[in-house]
Every structure is written in C-alpha cells, then in structure tokens.
Undergrad: 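The structure is given below, and queries will be raised subsequently.
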Amino acid sequence: MIKKLALTAFASAILLFYVPFLALGYYLSEGGLLKLPSLSMVATTFLLAGLTAIISIALAYPAAYYLAKRGSELEFALLIAPLWVGTLLKAYSLLVLFTIVERYTGIVLWGSILGVLVGMIYEYFPYALLTLYAAIEKLSETPVHAARVLGASRIEAFLRVELPLTMPGVVAAFILIFLFALGEVIMPAVLGAWKVYTFGSYIWDLYFKARDIFSGSILSLLLAGLSLLATYLVVRTIRSFSL
C-alpha cells in the first residue's frame with residue numbers, strides 16, 4: 001500500500017513538472033508568442049532578492065542572538081510585531097516615512113531601488129528573526145564552555161563554535177526570504193512607483209493587465225526554476241563557509 005502511494009505521488013510530481021512544458025511546446029507550435037522579460041528586469045529582481053535576504057539576516061542575527069540568550073517576551077513581541085501588519089499597509093506607511101526623510105534630508109527614496117530594498121527588508125526582517133531565533137535558542141552551551149576552557153576568547157568561541165552550528169538556521173532564513181522576495185509585487189509597485197520593475201511585477205501585469213494567462217503561468221514556472229537554481233548555489237556556498 002505504501003509503495004503504491006509513493007509511486008502515485010512520484011508520478012503526480014513528474015506530471016505536474018512536465019505538463020507545463022508540454023503545454024509550452026503546443027502553444028509555440030501553434031504560433032503563440034511567449035512574452036519574455038528583459039535581462040535587466042531579471043537582474044534587478046535577483047539583486048533585490050539577494051540583498052534583501054543578506055541584509056535581513058545580517059540585521060536579524062544579532063537581535064535573534066540577544067533574544068535567545070537574554071531577551072524578554074516583550075522584546076521578542078516588539079520585534080516580530082510587523083508580521084501582524086499587512087504588506088500593503090506597511091508599504092503605504094513607509095511612503096509617509098519616505099516623505100519625511102525627503103523633506104528633511106533631500107534623499108529621495110520613493111521610486112528608487114533603494115526605497116524598494118528598504119521596504120522589502122522591513123517586510124522580511126521578522127521572518128529572518130524567527131528562523132534564526134529558533135536555530136540559536138536550541139544551541140547547547142557545552143561546546144562554548146569547552147572552547148573557553150581550551151583557551152578561546154568569547155569572540156573566538158562564537159566564530160568557531162556557535163556561528164557554524166547556527167549555519168542551518170542561516171541557510172533556512174536565506175531560502176525563505178530569497179524565495180519570497182523573488183515574487184514580491186507590492187513593495188516594487190508602491191515604493192518603486194512602477195519605476196522599479198521586477199519579475200513579479202511583470203507576471204502580475206501579464207495576468208491582470210494583458211490577460212495573457214499562458215505567458216504568466218510559464219514565466220511563473222520559469223521564475224520558480226531560476227529561484228531553485230540560485231538557492232541551491234547560494235546554500236552550497238554558505239555551507240562551505242560553515243565547514
């Protein structure tokens with residue numbers, strides 16, 4: 001029974017994976033036109049997703065470390081509070097903040113790639129915090145005490161013992177944020193004022209403006225494949241540093 005269920009699940013996965021490509025071949029053979037995005041749009045999308053993941057993890061790691069070691073429940077709740085606010089509301093709230101920043105500093109964030117990046121980091125920081133907190137909180141203090149007894153300083157014990165042991169959490173946080181950020185639509189639309197055009201924005205327009213459901217579906221599949229490939233390469237790189 002279990003073997004039959006496993007074979008059925010495997011066959012279903014293969015079918016779901018290859019059917020869109022068969023549909024693509026049929027569509028193109030019948031004269032259909034697949035509307036591909038520009039390379040600059042793809043590059044912008046991956047750049048924003050990568051920077052969002054890296055900066056979010058860099059900011060969240062110290063906060064997660066503090067919360068896991070000495071933080072209170074109130075501090076934890078305050079840091080993850082943005083999760084309870086909708087993305088659209090956060091985007092328009094940041095527009096108000098950008099207006100204040102522009103008035104007093106002259107720095108224009110609305111309609112810029114920097115403004116979109118700030119919004120995406122703000123949106124995904126709590127996810128990085130939760131993932132890293134879970135990885136750090138379950139660490140045993142025994143390896144750290146052993147390193148200190150053998151003569152390592154507190155910083156050396158962290159860099160050589162604790163940080164490598166939390167690398168699975170770093171990898172998980174990167175995968176989570178990177179994949180979410182690749183398909184982000186709201187922050188580029190609101191904070192980028194449609195001047196920062198991403199892969200997700202393009203697919204959105206194909207679905208809801210051009211009504212080209214076929215191209216949108218195929219490009220969604222293509223984006224998923226590219227994101228999995230990029231994630232695999234990055235995860236291998238991160239794990240190599242943890243050895």
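Keep in mind the model is a prediction, meaning the values are calculated, not measured.
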Undergrad: Between atom CD1 of I203 and atom OG1 of T45, what is the distance when rounded to the nearest 0.5 Å?
TA: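 These two atoms lie 8.5 Å from each other.
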Undergrad: Give me the atom names and distance for the closest heavy-atom approach of T198 to E184.
TA: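 Looking at all heavy atoms of both residues, the closest pair is OG1-O, 3.6 Å.
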Undergrad: Do any side-chain atoms of residues 49-64 form donor-acceptor pairs under 3.5 angstrom with protein atoms, and if so which ones, sequence neighbours left out?
TA:
{"from": "T52", "atom 1": "OG1", "to": "L48", "atom 2": "O", "distance (Å)": "2.6"}
{"from": "S56", "atom 1": "OG", "to": "T52", "atom 2": "O", "distance (Å)": "2.6"}
{"from": "Y61", "atom 1": "OH", "to": "T166", "atom 2": "OG1", "distance (Å)": "2.7"}

Undergrad: Check the hydrophobic clustering (I, L, V, M, F, W, Y; side-chain heavy atoms under 4.5 Å; chains of links allowed) and say if L78 and L67 are grouped together.
TA: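 No, no single cluster joins them.
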Undergrad: Is there a path of hydrophobic side-chain contacts, each under 4.5 Å between heavy atoms, that joins L114 and Y122?
TA: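 Same hydrophobic cluster.
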Undergrad: For a quick test of reading the model, state the closest non-hydrogen atom pair linking Y202 to Y197 and the distance between them.
TA: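 For Y202 versus Y197, the nearest heavy atoms are CA-OH, 3.7 Å.
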Undergrad: If you measure from CH2 on W204 to NZ on K209, what distance do you get to the nearest 0.5 Å?
TA: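 The CH2 atom of W204 sits 9.5 Å away from the NZ atom of K209.
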Undergrad: Check the angle between the aromatic planes of F174 and F178 and answer parallel, tilted or perpendicular using the 30° and 60° thresholds.
TA: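 Geometry flag for F178 against F174: parallel rings.
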Undergrad: Do the side chains of L117 and V108 join up, straight or via other hydrophobic residues, at under 4.5 Å, putting them in one cluster?
TA: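 Shared cluster, no.
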Undergrad: Same hydrophobic cluster for M41 and F208, using side-chain heavy-atom links shorter than 4.5 Å among ILVMFWY?
TA: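 Shared cluster, yes.
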Undergrad: Does any pair with a residue in residues 162-181 pass salt bridge (Lys or Arg N to Asp or Glu O under 4.0 Å), and if so which ones, sequence neighbours excluded?
TA: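 For residues 162-181: K69-E162, R154-E162.
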Undergrad: What distance separates L130 CG from F125 CZ, expressed to the nearest 0.5 Å?
TA: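 Here the rounded value is 9.5 Å.
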Undergrad: For L191 and G115, work out which heavy atoms get closest and say how close.
TA: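 Smallest heavy-atom distance, with atoms named: CD1-O, 3.6 Å.
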Undergrad: Using every non-hydrogen atom in the two residues, find where M187 and G119 come nearest and quote the distance to one decimal.
TA: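 Scanning both residues, the minimum pair turns out to be CE-O, 3.5 Å.
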Undergrad: Once rounded to the nearest 0.5 Å, what's the spacing between atom CZ of F98 and atom CZ of R103?
TA: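 Going from CZ on F98 over to CZ on R103, the span is 15.5 Å.
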Undergrad: Step by step, would you call T99 with V96 a side-chain contact (heavy atoms from CB on, under 4.5 Å)?
TA: CA-CA 5 Å; T99 303; V96 178; 5.6 Å; no
Undergrad: In terms of hydrophobic clusters joined by side-chain contacts under 4.5 Å, are L95 and L88 together?
TA: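 Per the 4.5 Å side-chain linkage, L95 and L88 are co-clustered.
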Undergrad: For a quick test of reading the model, state the closest non-hydrogen atom pair linking S201 to P188 and the distance between them.
TA: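 Minimum heavy-atom contact is OG-CB, 3.9 Å.
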Undergrad: Of the non-hydrogen atoms in T131 and A173, which two are nearest, and what is the gap between them?
TA: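 Shortest heavy-atom contact: CG2-N, 3.6 Å.
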Undergrad: side-chain contact (heavy atoms from CB on, under 4.5 Å), that's the test. Do F199 and V42 meet it? Break it down for me.
TA: CA-CA 6 Å; F199 209 139; V42 176; 4.0 Å; yes
Undergrad: Could you give me the CA-CA distance, side-chain angles and deciding distance for L89 and S93, then say whether side-chain contact (heavy atoms from CB on, under 4.5 Å) is met?
TA: CA-CA 6 Å; L89 180 58; S93 299; 4.2 Å; yes
Undergrad: Find the distance between OH (Y65) and CG (L163) and round it off to the nearest 0.5 Å.
TA: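 Rounded to the nearest 0.5 Å, the OH-CG separation comes to 10.0 Å.
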Undergrad: I'd like to check the side chain to side chain donor-acceptor pair (under 3.5 Å) partners of E102; sequence neighbours left out, ordered by chain and number.
TA: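 So E102 forms no side chain to side chain donor-acceptor pair (under 3.5 Å) with any residue.
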Undergrad: Out of curiosity, L176 CG to Y127 OH, how far, rounded to the nearest 0.5 Å?
TA: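 Interatomic distance, L176 CG to Y127 OH, rounded to 0.5 Å: 8.0 Å.
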Undergrad: List the steps, then state whether side-chain contact (heavy atoms from CB on, under 4.5 Å) holds for M120 with F180.
TA: CA-CA 10 Å; M120 291 173 68; F180 280 169; over 6 Å; no
